[in-house]
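Residue numbers start from 1 in every chain, and the chains themselves are labelled A, B, ... in the order their sequence lines are given, proteins ahead of strands.
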There are 2 protein chains.
Amino acid sequence: MATVLTQKQRAILDFINLHIQTEGRPPTLKEIAKRFGYASDNSVRTHLRLIHKKGLLKKEPNKARGLKTSEFFGISSLNSVNIPLIGTIAAGKPITALENLEKYISVDRELFKGNDIFALRIKGDSMKGAGINDGDIAIIHPQNDAENGEIVVAIIEEEATLKYFYKEGDRVILKASNPLYADINIDSTSGSDVKIIGKVIGLIRKL
Amino acid sequence: MATVLTQKQRAILDFINLHIQTEGRPPTLKEIAKRFGYASDNSVRTHLRLIHKKGLLKKEPNKARGLKTSEFFGISSLNSVNIPLIGTIAAGKPITALENLEKYISVDRELFKGNDIFALRIKGDSMKGAGINDGDIAIIHPQNDAENGEIVVAIIEEEATLKYFYKEGDRVILKASNPLYADINIDSTSGSDVKIIGKVIGLIRKL
DNA sequence: TGTAATACTGCATATTTACGCAGTATGCAA
DNA sequence: TTGCATACTGCGTAAATATGCAGTATTACA
């Protein structure tokens, strides 16, 4: 008898599990009580005590949201990361600022590795020759430098633009793959408004 | 320029993520302060505010352990689906058979919707004009038909190939975007070996 | 019938936790 | 220099949260 949960207990345990998975934190006693329509959170406590007796719940005393379910949720084994998708660039703001945020998208964490990677909605056809089309989503690793031939994100006149990166001595040349666009030269001496903020490490397209 | 997190901010964000994953709940301000040796939890608060400004952290005010990292925005892990990545086609097997499986990859479920969608590693440059390069991963929705102009996966001589799909009365024409490849006509009367197995709904590229 | 386990209410209190305010220090850029 | 963003301390307070205690129903079961 002592190994099986009653319906109520099962429901409460399920709710706790779900809460952790969706909210990233366990519920409080009051939140559980509210969910099940209990007037007193003490009702919940007796249930929790019983579930605990049956070994399916741990509790750290005197801690806010101290519940732990034994069915350790495998978020650590999660193979995706949510990264911000930047739609438009707001003048004077950090590129990943809230103002620029379109939404979050989920990408495979093995495929696109790195801290602080983000996604950028591409406008225009300057990189069409490289298979990057208008409306595509580029995955960006933030960095200020790159290797020759890599594709970087440059902020030119408040606009994020993709270009091929080439370095010749002290000079940096940004080339579009589309010959209609002129090369951009960045001289280390001349103060330039062009900033390289990252390197393209991947691409996602929705058809 | 603060496009990226500072080292401290990154370390704190990582700690929060790790804490959620290992403990099942976010840390409190004091727990973060203790971890980093701060005497006052207010130090943490300023850091959190800055991380929040950069869009990588949410906070539910007046809640114990109210922090949410971007991993847990929305429905967290439910944000993504794992789909099989098909590397090579083994003769005589269903396309998603184990023999063909390269691995599983995780994709955003909002971006690529549908049951039984799978990923296909693209070989060759027959669709280069459409921005699909050799080595790209195409996201496929299984279906036998399509609309004019859509890109489909056809099995031609035991090889999965991408083609534009066109229908003229009873005839189906498969065109490559690369003019070096001849069109393929499928006549409903003639027994053909060409099979359309799905439609390309998206693309993922690792650079 | 009685008794034990489950299920629930209500209130008071202690602890945890978040937050507001006031201040110091450092590096960096105009 | 001034100004500004980052980095940090310390204190006081209010809200959130857990817990202790006392009690009532209901159900299952011996």
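Rounded to whole Å, the distance from CZ on B:Arg35 to P on D:dC8 is 13 Å. One interatomic measurement links the two molecules: CG of A:Leu50 to P of C:dA7, which rounds to 7 Å at whole-angstrom precision. For the pair B:Glu60 CD and C:dT17 P, the computed distance is 17 Å after rounding to whole Å. In this structure, B:Leu67 atom CG and C:dC19 atom P are separated by 9 Å, rounded to whole Å. Computed from coordinates, the A:Phe36 CZ to C:dT6 C1' distance equals 16 Å when rounded to whole Å. One interatomic measurement links the two molecules: CG of A:Asp41 to P of C:dA12, which rounds to 14 Å at whole-angstrom precision. With rounding to whole Å, B:Tyr38 atom OH is found 19 Å from C:dT17 atom C1'.
A:Lys30 comes within 4.0 angstrom of a base, heavy atoms only. Looking at heavy-atom distances under 4.0 Å, B:Leu29 makes contact with sugar-phosphate atoms alone, never a base.
Here B:Ser43 reaches the OP1 or OP2 of D:dT9: one of its side-chain N or O atoms lies under 4.0 Å away. Of the side-chain N and O atoms in B:Lys59, none sit less than 4.0 angstrom from OP1 or OP2 of C:dA18. B:Gln9 has a side-chain polar atom (N or O) that falls below the 4.0 Å cut-off from OP1 or OP2 of D:dA7. Remark: B:His47 is in phosphate contact with D:dA7, judged by side-chain N or O atoms under 4.0 Å from OP1 or OP2.
Environment of NZ in B:Lys30: sparse, with no more than 12 heavy atoms of neighbouring residues, nucleotides or ligands closer than 6.0 Å. Heavy atoms of other residues, nucleotides or ligands lying less than 6.0 angstrom from NZ of A:Lys128 number 12 at most.
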For nucleotides 21-30 of chain C, print each protein N/O atom paired with a nucleotide N/O atom at under 3.5 Å, atom names and distance only.
{"unit_1": "C:dC21", "atom_1": "N4", "unit_2": "B:Asn42", "atom_2": "ND2", "d": "2.3"}

Output one line per pair: protein atom, nucleotide atom from nucleotides 14-16 of chain C, and distance, for all N/O pairs under 3.5 Å.
none

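Considering A:Asp108, A:Leu203, A:Ile139, A:Ile204 in turn, A:Ile204 is the only one that fulfils the side chain to side chain contact (heavy atoms under 4.5 Å, CB included) rule with B:Ile204. With respect to A:Lys199, the side-chain hydrogen bond (donor to acceptor under 3.5 Å, both in side chains) criterion is satisfied by exactly one of A:Glu150, A:Gln143, A:His141: A:Glu150.
Map B:Lys8 and A:Pro27 each onto its nearest nucleotide of DNA chain D; the residue landing nearer the 5' end is B:Lys8.
Scanning both residues, B:Lys175 and B:Met127, for their nearest heavy atoms gives O-SD, 4.4 Å.
With respect to A:Lys163 and A:Asp183, no salt bridge is recorded, no charged nitrogen being found less than 4.0 Å from a carboxylate O.
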Worksheet item: Given B:Thr69 and B:Asn17, is the side chain to side chain donor-acceptor pair (under 3.5 Å) satisfied, shown in steps?
Response: CA-CA 7 Å; B:Thr69 64; B:Asn17 262 321; 2.7 Å; yes

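Note on ring orientation: taking the six-membered ring where Trp is involved, the planes of B:Phe15 and B:His19 are perpendicular (angle over 60°, cut-offs 30° and 60°).
At least one side-chain heavy atom of B:Arg25 sits less than 4.5 Å from a side-chain heavy atom of A:Lys63.
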